[in-house]
Amino acid sequence: MGAFHSRADDNYIRHLAKKTGFSVEQVEILHRRFKQLSRDEDTLQREHLYGIPDLECNPIRTQIVAAFFDKRNFDKDSPQGTVQEIGFEQFLTVMSHFRPLKLRMTEEQREQLRMEKLQFLFNMYDLDNDGKISLEEYRHVVYELLSQNPQIGNESAAIADAAMLEAARICMGQMEPDEVYEGITFQDFLKMWTGIDIETKMHVRFLKMDNTTLCK
């Protein structure tokens, strides 16, 4: 499928715009980027995203790429497992989790967008899809982020462990020495993000999109 041009395509664009919250213009912009990434194919594979230059030095590149193929992020009817390739509608649905705030949004719409972003972020941390972020999963992501900093070096693992304990303290209160914390649930995750403006901070930069065109 090349550029949108037929009446059927127009109806499809309007359907996607209504489903994802993007405008018709934004859907068309993202479709062009999808075709660039997929090399004009109808489906996108992991290798296409791994080839994006801006992602090469991102310490959580693996998690970002995996998010596009995680069924939890685009298939509510069957939200288990992953797929090998995605079509444009799936790509657009995942992209909608990064959608910036529109200029005019009600408090209800803003809260819904916040919850969608936090669920998406939680899924990115929950590597084994068990509904909890375990110590190992949390350590893995934090370690990947910190290990790229030469000023931290070998202290990355210790800092990741301390961060997990701090998260547990926030979510469950003061822990006893022999208490075992099994992991962060989504409700715990919401507590951790209280007061943090995720609605305006979670954007996509590696797709070389002009965010001003996505804020209308």
Side-chain angles (χ1 to χ4, degrees), residues 19-21 46 49 58-83 86 90-101 105-149 152 155-204:
K19 176 182 178 180
T20 62
R46 284 174 172 79
L49 296 182
N58 193 306
I60 58 170
R61 178 178 67 162
T62 299
Q63 285 78 19
I64 293 174
V65 172
F68 280 86
F69 301 88
D70 187 334
K71 293 175 70 174
R72 291 176 294 177
N73 296 326
F74 56 76
D75 190 349
K76 294 183 179 179
D77 295 328
S78 181
Q80 297 291 327
T82 61
V83 296
I86 57 174
Q90 295 164 320
F91 171 80
L92 191 69
T93 301
V94 176
M95 284 295 299
S96 70
H97 296 298
F98 294 95
R99 190 175 74 249
L101 292 174
M105 294 186 74
T106 65
E107 286 299 318
E108 182 178 354
Q109 291 171 329
R110 186 184 180 107
E111 181 61 21
Q112 180 180 351
L113 183 61
R114 173 182 174 80
M115 293 296 290
E116 290 174 356
K117 287 177 180 286
L118 286 172
Q119 183 65 67
F120 180 84
L121 190 59
F122 181 85
N123 292 346
M124 190 180 292
Y125 277 92
D126 180 19
L127 303 178
D128 61 2
N129 192 12
D130 68 347
K132 294 181 180 179
I133 301 172
S134 68
L135 174 61
E136 189 59 34
E137 289 168 336
Y138 192 82
R139 180 195 293 121
H140 175 76
V141 175
V142 175
Y143 176 80
E144 289 295 321
L145 287 168
L146 297 178
S147 62
Q148 301 298 316
N149 188 332
I152 296 177
E155 297 180 12
S156 299
I159 294 175
D161 287 343
M164 183 60 183
L165 291 174
E166 176 63 13
R169 185 192 66 78
I170 293 173
C171 298
M172 299 186 67
Q174 187 66 39
M175 293 180 64
E176 298 297 332
D178 59 346
E179 184 178 358
V180 177
Y181 186 62
E182 296 181 353
I184 301 171
T185 65
F186 182 60
Q187 292 304 314
D188 293 335
F189 197 69
L190 293 180
K191 295 177 185 177
M192 293 168 58
W193 283 83
T194 299
I196 300 176
D197 191 9
I198 187 66
E199 303 94 306
T200 60
K201 295 181 183 298
M202 189 169 156
H203 299 300
V204 171

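The figures here come from the full heavy-atom set of this structure, side chains too, leaving out hydrogens, waters and symmetry mates.
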Exercise. Quick one: do Phe68 and Gln90 satisfy side-chain contact (heavy atoms from CB on, under 4.5 Å)? Show the steps, please.
Key: CA-CA 8 Å; Phe68 280 86; Gln90 295 164 320; over 6 Å; no

Practice problem: Go through Lys132 and Asp130 one step at a time and tell me if the salt bridge (charged side-chain N to carboxylate O under 4.0 Å, His left out) criterion holds. | Solution: CA-CA 6 Å; Lys132 294 181 180 179; Asp130 68 347; over 6 Å; no

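A distance of 10.5 Å separates OG1 in Thr20 from NE2 in His97, rounded to the nearest 0.5 Å. Annotation: the span from Asp70 atom CG to Asn129 atom CG amounts to 6.0 Å, rounded to 0.5 Å. Here Leu92 contributes atom CG and Ile86 contributes atom CD1; the two are 10.0 Å apart, rounded to the nearest 0.5 Å.
Here the closest non-hydrogen pair linking Thr93 and Asn73 is CG2-O, 3.7 Å. Between Phe120 and Ala67, the shortest heavy-atom distance links the atoms CZ-CB, 3.6 Å. Looking at every heavy atom in both residues, Arg72 comes nearest to Asn123 through NH2-O, 3.0 Å. Looking at every heavy atom in both residues, Leu118 comes nearest to Leu190 through CD1-CD2, 3.6 Å.
Only one option out of Glu108, Glu116, Arg110, Met115 pairs with Gln112 in a side-chain contact (heavy atoms from CB on, under 4.5 Å); it is Glu116.
In this structure the side chain of Lys117 reaches within 4.5 angstrom of the side chain of Leu113, judged on heavy atoms.
The ring pair (Phe, Tyr, Trp, His ring centres under 6.0 Å) search around Phe69 returns none, not counting sequence neighbours.
Ring planes of Phe122 and Phe189: perpendicular class, angle over 60° (limits at 30 and 60°).
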